[in-house]
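Worksheet: one structure, shown below.
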Amino acid sequence: DAKTTQPTSMDCAEGRAANLPCNHSTISGNEYVYWYRQIHSQGPQYIIHGLKNNETNEMASLIITEDRKSSTLILPHATLRDTAVYYCIVRKVGGTSYGKLTFGQGTILTVHP
Amino acid sequence: SQTIHQWPATLVQPVGSPLSLECTVEGTSNPNLYWYRQAAGRGLQLLFYSVGIGQISSEVPQNLSASRPQDRQFILSSKKLLLSDSGFYLCAWSVNEYQPQHFGDGTRLSIL
């Protein structure tokens with residue numbers, strides 16, 4: 001599976017947009033970009049995923065560059081409850097991978113009042 | 001809607017004792033099931049996954065085993081726990097390999 005690179009930590013003011021970058025320069029054609037977050041002492045929560053088109057749901061937006069080598073997760077109006085570790089994951093589907101997720105260290109997002 | 005349950009939430013066990021962690025999913029049938037472990041200060045590591053009853057695949061060699069006795073039940077076991085087995089154990093499910101995985105609240109295991 002392709003490896004991802006994320007900043008170790010980021011800060012954001014409450015009410016502002018949080019833009020979390022992720023590099024995945026070795027991504028393959030059959031690999032999706034997934035985002036999860038983990039609030040302290042809880043299981044990871046699925047946020048959003050995409051292949052090559054930009055995606056939006058009730059939680060966030062995902063912007064994937066045209067060459068698919070990087071992406072940005074956008075939380076449009078961050079709240080204190082969005083403070084968490086955010087994981088960018090490249091997930092292979094098909095073949096013998098069975099859709100397994102490989103988690104890296106993620107980005108610690110801290111939202112300040 | 002689908003829900004996933006893990007228990008217990010926390011567990012303290014002595015070295016050398018057996019282990020059994022249980023995970024069940026409701027509201028779906030024939031899900032893919034996964035066991036992950038998160039050691040302190042580290043990312044999640046996939047331990048086992050299952051695509052059907054009795055079908056278990058292991059990702060890393062270790063002191064643990066998994067079983068799927070029923071369609072929506074996934075069990076993580078050990079005959080003799082080691083200190084290195086301490087960690088946060090998470091169960092996850094997905095409809096199939098193409099859909100997102102959804103995680104339970106985890107079991108925090110401490111080995112003394």
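Each chain gets a letter, A, B and so on, in the order the sequences are listed, and its residues count up from 1.
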Atom CD1 of I108(A): over 12 foreign heavy atoms under 6.0 Å: no
Whether over 12 other heavy atoms sit under 6.0 Å from D105(B) CG: no
Validation row, ring centre F103(B) to ring centre Y36(A) under 6.0 Å: yes
Hphob cluster co-occupancy, [X] + [Y], side-chain heavy atoms under 4.5 angstrom:
{"X": "F48(B)", "Y": "L90(B)", "answer": "no"}
{"X": "I89(A)", "Y": "L47(B)", "answer": "no"}
{"X": "I74(A)", "Y": "Y32(A)", "answer": "no"}
{"X": "Y46(A)", "Y": "I39(A)", "answer": "no"}
{"X": "L19(B)", "Y": "L33(B)", "answer": "yes"}

Would you call [X] and [Y] a side-chain contact if the rule is heavy atoms closer than 4.5 Å?
{"X": "Q38(A)", "Y": "Q38(B)", "result": "yes"}
{"X": "P44(A)", "Y": "Q101(B)", "result": "no"}
{"X": "Y36(B)", "Y": "L101(A)", "result": "yes"}

Euclidean distance, Q99(B) CD relative to H49(A) NE2, rounded to 0.5 Å: 6.5 Å
Atom pair OG/NZ of S94(B) and K100(A) - distance to nearest 0.5 Å: 13.5 Å
Heavy-atom contact with chain B under 4.5 Å, split by part of Q105(A): side chain
Non-hydrogen atoms of F88(B) and S41(A) that approach each other most closely: CZ-O, 3.8 Å
Non-hydrogen atoms of Y87(A) and L44(B) that approach each other most closely: OH-CD1, 4.3 Å
Side chain, backbone, both or neither of Q45(B) within contact of chain A (heavy atoms, under 4.5 Å): neither
Heavy-atom proximity to chain A below 4.5 Å, by part of L46(B): side chain
